[in-house]
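Remarks on the structure that follows.
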Amino acid sequence: MNHLQNLQKWVADSGYDVAYISNPTDIMYFTGFSSDPEERVLALFVFPEAEPFLFTPQLEVEAAKKAGWNHDVYGYLDHEDPFEIIASHIKERTQQTTKWAIEKADLPYQRYEAVKKEFPDAIFPGNASEFLDQLKLFKTPDEIELMKEAGKQADYAFQLGFDALSTSRTEQQVVAEIEYGLMKKGVMHTSFDTIVQSGVNAADPHGGPEKVNIQSNALTLFDLGTVNKGYMSDASRTVAFGEPTAKQKEIYDVCLQAQLAAMDAAKPGITAAQLDGVARKIITDAGYGEYFIHRLGHGIGTSTHEFPSIMEGNDMVLKPGMCFSIEPGIYIQGVAGVRIEDCIYLTENGNEPFTHTTKELQVLPIK
Ligand code: MN
Ligand code: MN
């Protein structure tokens, strides 16, 4: 069953009359059509039996058809009322329009009101957001291939970043070199803002690259990812630029041991909480537990953060086809920040990483 068939089955089995998918990423997931509609309306409507349809701004209708969607596409012009047109197409398909499923985590209240105006009897028992969270847990072989390619792009981006390190460049300029290099290869989108943090800046795990020069004889942290046909990569490496201090080396080594142990333990049957515990125990036993201030990992796919969440308290049993990050970090203010991250997919017996850049501490020559 493909993604759309799964959605139709859920709508039918749950007894809903109409499902309204509003999130552009989720529309891409079901239709293959990728678009950022800005303030205009982009929507997918699915029914238990009738043909689904895609609704787009008029200027996107042809692009949606070319993307491979082989059901109806309807457009609207800027001066028209989109929900009036949507309502007419729904009523062409079915007279049963009471029970709706919507993406409750996504649909703006204003659009909910627009639906209510056209369908005053509508009630909204279905939450397609929750359904999608579960459906997206498992990637198909085709999706994994797309993510492998995104992983290769991330590996290339690391090489660009390592090559660009220089005491005469700022963190922001190293980011620029990475993204320019990616674009020259036709990789036009990163999956989030590229992070390059040098020296003590890396101790702020949610900070960004600053207008400060790369420091020598210190660690530099890279966290980056790309988008390949809607599927994301996300990976981190920390390298030394010149000789690091003994303390920095020690922190790196503890983080690496934790990452490798979790990579080894990630296989079907372990729970998300147990896997987090494998890495956390190593860091805690080494005395750095209080500096590992986030979960071990997060799911990844059409977005950089989805289920499963690899953290304490999550007793979800991990299964083949799940894709997630393993990214322990140690952040000590005024000393250094280290994070080592691969995203992986679970196979029948173990896992495969999407990224392959070496994790042995690289000591790059100062330039
Ligand atoms: Mn991540
Ligand atoms: Mn990351």
Side-chain angles (χ1 to χ4, degrees), residues 25 133 136-137 139 143-144 146-162 171 174-175 178-179 182 187 189-198 201-209 219-228 230-239 252 255-256 258-260 262-263 266 272 275-276 278-280 283 291-312 314 318 322-331 336-346 351-359:
T25 300
D133 284 343
K136 285 183 167 184
L137 272 174
K139 270 67 179 182
E143 290 176 295
I144 285 172
L146 294 173
M147 292 173 74
K148 280 185 184 169
E149 188 60 33
K152 277 186 198 162
Q153 294 168 352
D155 280 326
Y156 179 65
F158 282 132
Q159 204 48 60
L160 291 166
F162 301 161
E171 292 173 350
V174 174
V175 168
I178 292 170
E179 297 193 359
L182 285 171
V187 180
H189 297 285
T190 56
S191 50
F192 54 91
D193 290 346
T194 303
I195 294 172
V196 174
Q197 292 174 304
S198 170
N201 288 352
D204 177 9
H206 258 185
L219 301 178
T220 296
L221 189 158
F222 295 81
D223 191 347
L224 50 83
T226 65
V227 186
N228 176 42
Y231 286 80
M232 313 275 166
S233 54
D234 174 13
S236 305
R237 289 294 184 272
T238 305
V239 298
Y252 186 89
C255 190
L256 178 62
Q259 210 269 351
L260 293 176
M263 292 290 284
L275 186 55
D276 179 276
V278 167
R280 201 164 299 276
I283 292 175
Y291 304 108
F292 179 15
I293 48 179
H294 53 71
R295 60 186 171 182
L296 180 64
H298 54 81
I300 185 167
T302 55
S303 56
T304 44
H305 284 187
E306 50 189 66
F307 286 166
S309 190
I310 310 300
M311 62 178 184
E312 196 182 335
N314 183 2
L318 302 176
M322 289 183 176
C323 298
F324 52 85
S325 70
I326 292 183
E327 51 176 309
I330 299 173
Y331 314 95
V338 173
R339 183 165 60 256
I340 305 169
E341 172 183 24
D342 292 304
C343 286
I344 64 172
Y345 63 97
L346 289 193
N351 72 76
E352 289 290 334
F354 292 112
T355 37
H356 299 275
T357 298
T358 184
K359 289 182 279 200

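Given the structure is predicted, the values throughout are model-derived calculations rather than measurements. In this chain, residues are counted from 1 in sequence order. Just so you know, ligand 1 is whichever comes first in the structure, and atom 1 is the first atom listed for that ligand.
For R280, the salt bridge (Lys or Arg N to Asp or Glu O under 4.0 Å) criterion is met by D276, not counting sequence neighbours. Residues meeting the salt bridge (Lys or Arg N to Asp or Glu O under 4.0 Å) test with R339, sequence neighbours left out: D223, E327. In terms of the salt bridge (Lys or Arg N to Asp or Glu O under 4.0 Å) criterion, residue partners of E306 (sequence neighbours excluded) are, by chain and number, K139.
Side-chain atoms of E179 and T194 form a donor-acceptor pair, as typed in the model, at a separation below 3.5 Å.
Annotation: side chain of L275 is in contact with side chain of F324 (closest heavy-atom distance under 4.5 Å).
Environment of NE2 in H189: sparse, with no more than 12 heavy atoms of neighbouring residues, nucleotides or ligands closer than 6.0 Å.
Excluding waters, the set of protein N/O/S atoms under 2.8 Å from the Mn ion (ligand 1) reads D234 OD2, H298 NE2, E327 OE2, E341 OE2.
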